[in-house]
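Heavy-atom basis, side chains included; hydrogens, waters and symmetry copies ignored.
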Amino acid sequence: QVQLVESGVGLVQAGGSLRLSCAASGSILRIDAMSWYRQAPGKQRELVAGILSNGRPVYVDSVGDRFTISRDNAKNTVYLQMNSLKPEDTAVYYCNADIVMFGSEVPEDYWGQGTQVTVSS
């Protein structure tokens, strides 16, 4: 089995910074894309940023250059550095990964448990 464990629960003031991390563990052969999503109260879950296995990042327009996604392939870990945080960034943040397990050739979709980020004004 595979698990994604997130860390970095935070309460921060507007303008502050926070770093989230998500580590994958289990019988992992390969991790393809890794991503961060978020879901605010009453809203749908949305993609925030993604990063391919070659390190190429993709960001949603609303986070602009405030957020930086990175990954450490040796540690099977993805990070999200969030700067200049705004109250509208308040949400539960989820990591997501496309993982190929040993004995399989097909990537499967895995989710972390979610971590709360609250930005006060």
Side-chain angles (χ1 to χ4, degrees):
Q1 277 291 357
V2 171
Q3 281 190 320
L4 298 181
V5 178
E6 301 162 3
S7 60
V9 175
L11 172 61
V12 64
Q13 289 187 333
S17 297
L18 196 62
R19 189 193 197 205
L20 304 180
S21 63
C22 173
S25 63
S27 185
I28 298 171
L29 174 63
R30 186 184 79 243
I31 302 178
D32 294 336
M34 302 185 83
S35 306
W36 287 96
Y37 286 73
R38 67 185 179 187
Q39 187 166 19
K43 295 187 177 181
Q44 290 187 332
R45 190 174 298 187
E46 65 172 357
L47 176 67
V48 175
I51 186 166
L52 302 179
S53 57
N54 62 8
R56 180 179 178 182
V58 176
Y59 299 98
V60 66
D61 289 344
S62 61
V63 304
D65 57 359
R66 298 184 298 120
F67 290 10
T68 302
I69 188 171
S70 60
R71 63 189 286 171
D72 184 333
N73 290 331
K75 296 181 179 179
N76 290 334
T77 299
V78 63
Y79 306 94
L80 185 67
Q81 177 67 43
M82 304 183 290
N83 299 326
S84 301
L85 282 161
K86 304 175 181 180
E88 51 263 43
D89 294 317
T90 295
V92 177
Y93 284 71
Y94 298 90
C95 70
N96 172 270
D98 296 329
I99 297 175
V100 179
M101 295 178 62
F102 280 106
S104 173
E105 296 180 356
V106 180
E108 297 182 45
D109 197 41
Y110 290 89
W111 290 90
Q113 78 281 6
T115 186
Q116 177 69 46
V117 172
T118 302
V119 184
S120 62
S121 58

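- We find the CD-CZ distance between Q81 and R66 to be 12.0 Å, quoted to the nearest 0.5 Å.
- In the displayed structure, D65 atom CG is contacted under 6.0 Å by at most 12 heavy atoms of other residues, nucleotides or ligands.
- Close placement of the Y37 and W111 rings is indicated, their centers lying within 6.0 Å of each other.
- A 6.0 Å sphere centred on CD of Q3 holds no more than 12 heavy atoms belonging to other residues, nucleotides or ligands.
- A distance of 8.0 Å separates OG of S53 from CZ of R30, quoted to the nearest 0.5 Å.
- Annotation: cation-pi geometry satisfied between R45 and Y94 (NZ/CZ under 6.0 angstrom from ring centroid, within 45° of ring axis).
- Cation-pi check for R19 over Y79 is met; the charged atom lies under 6.0 angstrom from the ring centroid and within 45 degrees of its normal.
- Annotation: N54, atom CG; neighbour count of heavy atoms from other residues, nucleotides and ligands within 6.0 Å is above 12.
- Not one N or O on the side chain of E46 forms a donor-acceptor pair closer than 3.5 Å with the backbone of R38.
- No donor-acceptor distance shorter than 3.5 angstrom exists from the side chain of Q13 to the backbone of S121, with no hydrogens or angles considered.
- Formation of a donor-acceptor pair under 3.5 Å by the Y59 side chain with backbone atoms of I69 is found in this model.
- For D98 (side chain) and I31 (main-chain N/O), no donor-acceptor pair under 3.5 Å exists by modelled atom type.
- Looking at T90, its side chain never comes within 3.5 Å of a backbone N or O of E88 through a donor-acceptor pair.
- A distance of 9.0 Å separates CG in L47 from CG in N96, rounded to the nearest 0.5 Å.
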